[in-house]
Every structure is written in structure tokens, then in C-alpha cells.
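Remember, predicted model here, so these are calculated numbers, not experimental data. Letters A, B, ... mirror the listed sequences (proteins, then strands); counts begin at 1.
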Amino acid sequence: MDNNEIILRTKDLTKKYGSHVVVDNLGIEIRKGEIFGLLGPNGAGKSTTMNMICNIVNPTLGSVEFMGKDFRKNKKELCRHLGFIPQDPAIHGNLKAWENVELFTSLYGIKGRELRDRIDESLEYVGLSEKRNDYAKTFSGGMKRRLNIACAIGHHPDLLIFDEPTVGIDPQSRNFILEKIKQSNRNGATVIYTSHYMEEVEAICDRIAIMDNGKIIAIGTSDELKKLVVDDISKVTLEEVFLTITGKKLRDY
Amino acid sequence: MIFYLIKNYLKMMLRSSSNILMYILAPTIVAAVLTSAFTTLMDSYKAPETFEVGYRVSEGSVFSNGMNALKETLNDKGVIMTEYTEGDPEEIMGRMELSVFVEFKDNEYLLYKNRDARVEGQILEYALGEWCSYMMSGGAETVGSVQGVGKSGEKTAEMFAAITEASEIKVEHPFFVPAIDSTDYYGIIEIAYFAWCSIICGAMVFTAEKKYRIGRRFAMSGVSEFKLYISRLVPIVMSVAIGLLLSAVIGIVFFDVHWGNALLSALVVLMSIFAATSFELVIYNATSSMVATVVISFAIVWFMGFFGGSFETYMFSSAPQVLKDFSPIYYENRALVELSCMGKSDYTIKSILISGAIGIVGSALNIGILKLRKERS
């Protein structure tokens with residue numbers, strides 16, 4: 001793994017809704033093979049940033065370079081290298097587990113025997129093989145989150161973006177998902193991970209960026225961020241660093 | 001890709017119990033209610049078993065040579081033609097209690113109808129119209145049916161043998177009230193009406209898709225707007241068609257509904273489902289609200305159905321013809337009713353073309369709106 005190879009780079013990425021600037025000239029670089037954590041209070045612009053990276057929202061200004069190419073200009077070619085796991089399970093309750101994976105994996109042009117293999121593989125990966133013929137609407141919250149992941153990995157993306165995948169689920173499911181993120185990374189996938197659970201971010205992320213008011217205000221490893229606040233990093237948690245940097249004022253968004 | 005999209009959307013729609021209720025049971029129930037409500041009214045328009053027609057043929061009329069054959073054919077159908085060489089037609093009708101009188105002139109005919117015998121007049125109009133059409137086409141196979149009096153398909157070549165060169169005959173195609181009873185009428189018409197309520201079929205799926213923001217997966221996959229649109233259009237058309245087919249089968253088996261030309265009727269209904277789905281998806285894509293879509297669509301469809309004969313029969317409706325002409329459902333209803341009782345209809349092609357035009361324009365608009373939304377996101 002080449003630690004210096006950049007898989008994704010945003011240049012002056014900006015999103016405005018009217019006069020409101022949600023993301024402001026954002027420039028970040030994600031290295032190939034790393035797990036990159038993106039933190040920020042509500043309304044900081046994390047989701048908009050990820051939506052722009054995923055081509056769901058068009059930037060007002062700036063660009064996203066993915067695998068060395070302009071994403072918007074090479075969308076058809078590049079989108080198959082990207083997997084997005086949204087916070088709320090984006091699955092159809094009236095479809096069986098395998099049908100959900102089939103539907104969303106087929107969007108990337110995978111078909112026939114290969115598609116069937118990918119469905120089996122994805123369901124196996126998230127531990128839902130035995131539930132493949134059950135309707136998604138009968139699943140628990142944790143199972144839906146796992147199916148949500150299965151739907152996003154069937155096309156073997158190089159970059160996986162997780163948007164708060166562990167909100168509101170039991171510790172077992174949470175632990176399972178975190179293990180799978182690490183496993184995906186070991187298998188070669190680069191990961192962008194957002195969460196409000198600081199201990200999770202600290203545990204799995206190689207580098208962390210803290211975002212507020214549409215800008216990156218701090219970036220580095222967990223230890224590097226802690227050093228921004230205190231000299232003795234053993235005396236401070238990432239959450240304290242976060243609150244120190246972004247402030248304790250409530251964000252009403 | 002598109003195959004898997006269509007397949008899975010179709011599965012979701014067919015698994016929905018509300019769709020079964022909407023497209024299988026609702027047309028059957030509404031048809032049954034309207035049938036019972038309008039039975040007496042429509043029975044009053046039933047054709048009599050037999051009736052008498054007076055006629056006169058001018059000397060040298062292009063019709064004269066075929067008159068005996070025409071008389072014989074109509075006689076077999078229960079229409080007795082009696083010649084009156086002199087006298088005022090209206091006076092004769094009053095004196096002899098005739099329902100209809102026909103004056104065959106040099107190259108045209110004049111039809112007198114008794115206001116109290118509307119159906120008899122229209123039957124004769126239709127028969128004569130068919131006869132003249134036949135003569136003008138120079139064909140010698142069939143004259144079609146004398147609807148309400150007899151069965152179709154009888155060869156009457158002999159009838160026209162003597163006047164095959166009568167191609168200059170002037171005839172205005174007569175307005176024809178088909179002899180159809182309320183069971184057949186509403187059994188057919190309600191299928192056509194519910195075809196225009198197709199958006200309900202996708203409502204649950206689209207609502208869930210919006211609620212769980214599933215559209216993001218499509219957006220980031222780079223799937224084209226055309227494929228996205230087709231993956232919604234085709235499953236809706238297919239599942240509504242399946243539901244309505246089952247409803248039609250229930251009507252045929254349990255209520256003895258006669259569809260006449262089933263193949264053409266199916267094509268007319270299928271095209272209207274295409275038109276309706278495309279049109280209603282335009283509203284959905286423009287408003288992004290299923291509630292607004294259902295309210296707007298159903299209001300429009302209700303008015304189209306009201307003027308098109310979905311509730312009150314289009315034959316006896318007092319609605320202005322111009323409003324009927326603006327309703328695509330009117331063309332569809334006329335085509336289906338005439339196909340049922342005559343086996344053919346001038347409105348079949350019109351209905352298919354109108355539905356096709358709505359469907360194509362709607363499809364273009366849908367793709368345009370989806371592209372615009374994508375650019376503005």
C-alpha cells in the first residue's frame with residue numbers, strides 16, 4: 001500500500017443554498033487504503049460534503065477528483081468504484097434480503113452468474129446468508145443496517161463512505177459493523193467514516209478531520225489532534241478535543 | 001441493469017395488497033354498483049325484436065338495384081321494409097306508426113326517425129352506413145352486423161352484386177348507439193377507468209423510496225434518467241395490466257361481460273395504462289409529492305371519466321360533445337364499447353393514437369424533469 005497515493009481530493013468544494021454557505025472552499029485529500037474519519041457538530045456540512053463526493057448533490061463551486069480523474073466528467077467510469085452506506089437503511093422493505101442486494105448491485109452493470117455470486121458474497125459478509133429469503137421489513141434495526149452495507153459493497157468499491165452507520169443499534173451489531181469496516185479496509189478498501197461516537201472514530205480511523213461551519217478546522221491522527229489542545233495526550237479524550245475546537249455552544253440546525 | 005430494476009419493482013408492486021384491492025376488486029365492485037343502478041335506464045334503450053321501416057326509392061337511384069337484397073337481409077334480422085311509393089314520409093310514419101322511413105334518392109338517402117323510437121332509427125342508420133361503406137369499398141365479403149337485431153358475419157355478397165359500381169354514393173357516417181346492456185357497459189368501462197388510476201400502483205413503492213432516501217443510491221450509481229424512468233414506467237404498466245386483466249376475467253366468468261374483440265380491447269386498455277402512467281409520473285416528478293400527485297391525477301381523471309362516460313353512459317350523457325372530445329377516456333370508452341358489441345370501432349385507432357401521444361409526450365417530459373432535477377440538486 002502506498003500511503004501517499006491520493007484516492008480522493010476535493011478542490012475548493014463549495015455548496016451554497018441561496019446565500020447560506022454550507023460547505024466553504026473545502027480541500028481534503030483522502031489517502032488510498034486509510035480509514036478517514038470526518039467529525040463535526042450537526043450542521044457542520046459533513047453530509048453535504050459526502051453527498052457532493054458521492055455525486056448526489058452538485059457543488060456550487062469546486063471539484064472532486066477521484067482516482068486521479070474529475071468525478072463529474074468521468075462519472076460513469078468512476079461511480080462503480082464508490083460505495084455509500086447512508087445513516088438510515090436505504091432498502092426496500094417489500095423485497096427480500098437477496099432481492100435488495102440484487103437491485104442495488106445490478107445498478108453497476110453486474111448481471112447473471114456474477115451478480116448471483118456477489119449477492120451470496122455480500123450477504124455472507126454481513127452475516128445475513130440465512131436470512132436471504134426474509135423480507136427486509138421483518139428485520140431488526142441492526143439487521144437492516146447490515147443489509148444496508150451489503151447493498152453498498154456488492155460491486156466491490158474501492159472507496160466506502162459510511163455515514164453514521166452505528167446510530168441507534170445494539171452493541172453487538174455496532175461491534176459487528178465496526179469489525180466489518182476494518183475488514184473491508186484490510187481487504188484494500190479506503191474508508192471515509194462519519195460518526196458522533198468519538199471512541200469509535202478514535203478506534204478505527206487512521207486520520208480524522210474536524211469540520212465546522214463548512215470548513216475543515218483541524219486534521220490529523222488522533223494523537224495529532226489531541227496535541228492541538230494539550231501536550232500530554234493521555235490526559236485528554238478525542239471528545240474533549242472536539243468540544244474544545246468546535247465549542248460547547250448548542251447547534252440548533 | 002434495467003431488467004433487474006424492472007423485475008424487482010414489479011415484485012414489490014405485485015406484492016402490495018392495496019394494488020390487489022385497487023385493480024382487481026375495485027373495478028369489479030364499482031362496475032357491479034353502476035350496473036345495478038343503470039340497468040333500468042339502459043334496458044329502455046334495448047332494441048326490439050322486430051320493427052317496420054318504410055322506404056321509397058327514386059327512379060334511377062344508385063340504390064335501386066340492391067334494394068331487394070337489402071330487404072331480404074334486413075328481413076332476416078327482424079327489420080321489415082315496406083315500400084311506400086307516394087305520400088309525405090312524416091305523414092306516412094304517423095299514419096302507419098312507423099319508427100323509421102328512408103328515402104333513397106339518386107345518390108344519397110334521407111332517414112326519418114320517430115323521436116320515440118330512437119334505437120330503431122339508430123339501428124337502421126348503422127345498417128345503412130355499413131351497407132354504403134361496403135358498396136363504396138367494392139368488397140363482397142360481409143356487411144357486418146345489424147347490431148341489436150342479429151348476429152354479425154353473414155355474407156351478403158348477393159345483395160350488392162348488382163351495384164358494385166356505386167362508388168359515388170354520398171353517405172355521412174351515422175351516429176350509432178350500440179346495443180349494449182349495463183353489465184357489459186360498466187364491466188368494460190370501469191376497467192378502462194381504473195387504467196387511468198395507475199399511479200396508485202407505484203404509490204407505496206415511491207413513498208417508501210422517498211422516506212428512506214433510496215434515490216441516493218440511484219443518483220450515485222450514475223444510472224441514466226431514461227433507465228430510471230423506464231424502470232418505473234414498465235413495472236407500473238405491467239402490474240396494472242395484470243390486475244385489470246384479472247378483474248376482466250372475474251367480470252367475464254362471474255358477470256358474463258362480453259368484450260367482443262378481446263385483442264384490440266386489450267391493446268386499447270394497455271395503451272391507456274401507458275398514457276396514464278406517463279402522465280401521472282410527470283405530476284409526481286414535478287411535484288415530488290405522492291399526495292399531491294394522487295389528488296391532482298384523480299381530479300383530472302374524474303373529470304375525464306365524467307365527460308367520457310365512465311359513470312353516466314356516453315351515449316345518453318347530456319355533457320357537451322366538445323367536452324367529451326377533450327377526454328381521452330371518451331375515445332377509449334367508445335372504442336371498447338363498440339368493439340364489444342360490433343367487433344370493430346372507428347375509435348380504436350383514435351384511442352390508441354391519443355394514448356400513444358400522451359404517453360410519448362409524458363415520457364419526454366419525465367426524462368426532462370428528472371434531468372433538470374439532477375442538474376439543480
Nearest 0.5 Å please: distance from the [atom1] atom of [X] over to the [atom2] atom of [Y].
X: A:L103; Y: B:Y9; atom1: CG; atom2: OH; result: 6.0 Å
X: A:I85; Y: B:R217; atom1: CD1; atom2: CZ; result: 7.5 Å
X: B:R213; Y: A:D88; atom1: CZ; atom2: CG; result: 7.5 Å

Given a strict heavy-atom distance threshold of 4.5 Å, which part of [X] is in contact with chain B: side chain, backbone, both, or neither?
X: A:F104; answer: side chain
X: A:I110; answer: backbone
X: A:F71; answer: neither
X: A:K111; answer: both
X: A:K96; answer: both

More than 12 heavy atoms from other groups under 6.0 Å of [atom1] on [X]:
X: A:E124; atom1: CD; result: no
X: B:F306; atom1: CZ; result: no
X: A:K180; atom1: NZ; result: yes
X: B:K11; atom1: NZ; result: yes
X: B:M204; atom1: CE; result: no
X: A:M67; atom1: CE; result: yes

Exercise. Could you please spell out the steps behind the side-chain contact (heavy atoms from CB on, under 4.5 Å) verdict for B:M220 and A:I53?
Key: CA-CA 9 Å; B:M220 66 172 292; A:I53 289 172; over 6 Å; no
Quiz item: What closest approach, in Å, do A:C79 and B:S221 show between heavy atoms, and which atom pair accounts for it?
Solution: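 Where A:C79 meets B:S221 most closely, the heavy atoms are SG-O, 2.9 Å.
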Quiz prompt | Contact origin within B:R15 toward chain A - heavy atom pairs under 4.5 Å | solution =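 Side chain only.
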Quiz item: Checking B:F3 against chain A: side chain, backbone, both or neither under 4.5 Å from a heavy atom?
Solution: neither
Self-check item: Presence of salt bridge, B:K7 and A:E99, under 4.0 angstrom
Solution: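 B:K7 and A:E99: not salt-bridged.
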Quiz prompt | Criterion side chain to side chain donor-acceptor pair (under 3.5 Å) on A:N55 and B:R216, from CA distance to verdict | solution = CA-CA 9 Å; A:N55 244 311; B:R216 286 186 296 176; over 6 Å; no
Self-check item: side-chain contact (heavy atoms from CB on, under 4.5 Å) assessment of A:L115 paired with B:Y4
Solution: CA-CA 10 Å; A:L115 180 60; B:Y4 295 103; 3.4 Å; yes
Exercise. In sequence, state the C-alpha distance, the side-chain angles, and the governing distance for B:N8 and A:N100, and then conclude on side-chain contact (heavy atoms from CB on, under 4.5 Å).
Key: CA-CA 8 Å; B:N8 283 300; A:N100 268 293; over 6 Å; no
Quiz item: For the candidates A:H155, A:K75, A:H92, which exhibits the highest count of non-hydrogen atom pairs separated by less than 4.5 Å from chain B?
Solution: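 Option with the top pair count is A:H92.
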Quiz item: Does the side chain of A:I91 come within less than 4.5 Å of B:Y212's, by heavy atoms?
Solution: no
Practice problem: For each of B:A208, B:A219, B:G215, tally heavy-atom pairs with chain A at distances under 4.5 Å, and name the one with the top tally. | Solution: B:A219
